[in-house]
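The first residue of the sequence shown is numbered 1, and numbering continues consecutively from there.
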Amino acid sequence: MKVSEVEISNEHGVTLVELLASIVLITLILTTFITVFIQSAKTYKTSENIIDATYVAQAEMEKIYAVSVITNYGERKNAMISKPLEYHYLGKEGNWLVYEKTEDTYTIKIKLEEKRIEINIDDDKPPIESDMNQIIVEAFDGPEQKERAKMQGILHWGIDRQ
C-alpha cells in the first residue's frame, strides 16, 4: 500500500502561536484598565473621607464660634467642657489648651491657644492684649486615628457681651 502525500494548506484558521499572542495582548490591556479603575476607586474613597472630615471640622468650628461670641474670655475654659460643646479637657501642649470629643466616627481635637493675641495699634505704644485666641480644629478618622482635616482660625471671645 502506498501512502500519497497530501498537501495541507489551510489559510483560514488561526495557529496556536497567534492565539497565544492575542491572549497575552488582551491580558495586558485588561490589566492596565483594571489597575486604572482600582486606583480611581481608591482616590474617590480617600477624597470622600477628606470631604466628610472637613465638613465635621467646619461644623465644630461654627459651634465653637457661636459659643465664643456669648462667652467672656475668662469663661472660655468652662465653655469648652459645658453644653453644647461638651469637650473633654486633655491638658496642655506647650502654649495650647487641648480638648477632645468623639462624634460619629470622628475624633475631634481642639487646640486653643492659652495666651491672648496682642494687637499693635501704634508703634510708639506697647501692644494691647485682646480677648482673642487662635484655635485649631482637627478631625481624625478610623481606629488608626489618621488626621483627615485641619482648620485654624481666631476666636474673639464675648463679642456680643461688649
>> If you apply the rule salt bridge (charged side-chain N to carboxylate O under 4.0 Å, His left out), what do you find for Glu60 with Lys101, and how did you get there?
In response: CA-CA 11 Å; Glu60 286 302 313; Lys101 79 174 174 181; 3.5 Å; yes
Could you tell me if the side chain of [Y] sits less than 4.5 Å from the side chain of [X], heavy atoms only?
X      : Y      : answer
Gln152 : Ile135 : no
Tyr87  : Ile108 : yes
Tyr99  : Ile81  : yes
Pro84  : Val67  : yes
Met132 : Trp157 : no
Met80  : Ile110 : yes
Trp96  : Ile136 : yes
Asn95  : Lys115 : yes

>> Using the rule given for side-chain contact (heavy atoms from CB on, under 4.5 Å), can you reason through Asn133 versus Ile117, listing the C-alpha separation, both sets of side-chain angles and the distance that settles it, and then say yes or no?
In response: CA-CA 6 Å; Asn133 290 109; Ile117 293 177; 5.8 Å; no
>> Please check if the number of heavy atoms outside Tyr65 that lie under 6.0 Å from its OH is greater than 12.
In response: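 No, OH of Tyr65 has 12 or fewer neighbouring heavy atoms, counting only those of other groups under 6.0 Å.
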So does [Y] get a backbone contact from the side chain of [X], meaning a donor-acceptor N/O pair under 3.5 Å?
X      : Y      : result
Thr107 : Thr102 : no
Gln39  : Val36  : no
Ser82  : Ala79  : no
Lys111 : Glu93  : no

With the 4.5 Å side-chain cut-off for hydrophobic clustering, are [X] and [Y] part of the same group?
X      : Y      : value
Met151 : Tyr106 : yes
Leu112 : Val69  : yes
Ile51  : Val137 : no

Rounded to the nearest 0.5 Å, what separation is found between the [atom1] atom of [X] and the [atom2] atom of [Y]?
X      : Y      : atom1 : atom2 : answer
Ile154 : His156 : CD1   : NE2   : 11.0 Å
Ile38  : Thr43  : CD1   : OG1   : 12.0 Å
Leu90  : Glu100 : CG    : CD    : 5.0 Å
His88  : Lys109 : NE2   : NZ    : 14.5 Å

>> Checking Glu138 against Lys150 for the salt bridge (charged side-chain N to carboxylate O under 4.0 Å, His left out) test, could you report, in this order, the C-alpha distance in whole Å, the side-chain angles of both residues, the deciding distance, and whether it holds?
In response: CA-CA 4 Å; Glu138 299 169 306; Lys150 185 174 190 175; 3.7 Å; yes
Measure across [X] and [Y] and return the closest heavy-atom pair with its distance rounded to 0.1 Å.
X      : Y      : result
Met61  : Gly153 : CE-N, 4.0 Å
Ala53  : Ala139 : O-CB, 3.8 Å
Val14  : Leu19  : CG1-N, 3.9 Å
Asn120 : Asp122 : OD1-O, 3.0 Å
Ser130 : Ile119 : CB-CD1, 3.6 Å
Asp141 : Asn49  : OD2-CG, 4.4 Å

> Which one of Leu28, Val24, Ile23, Leu30 satisfies the side chain to side chain contact (heavy atoms under 4.5 Å, CB included) criterion with Ile26?
Replying inline: Leu30
> So, is the end of the Arg116 side chain (NZ or CZ) under 6.0 Å from the ring centre of Tyr73 and within 45° of the ring's axis?
Replying inline: yes
> Run the salt bridge (charged side-chain N to carboxylate O under 4.0 Å, His left out) check on Lys77 and Glu75 step by step: do they pass?
Replying inline: CA-CA 6 Å; Lys77 292 178 184 176; Glu75 300 167 0; over 6 Å; no
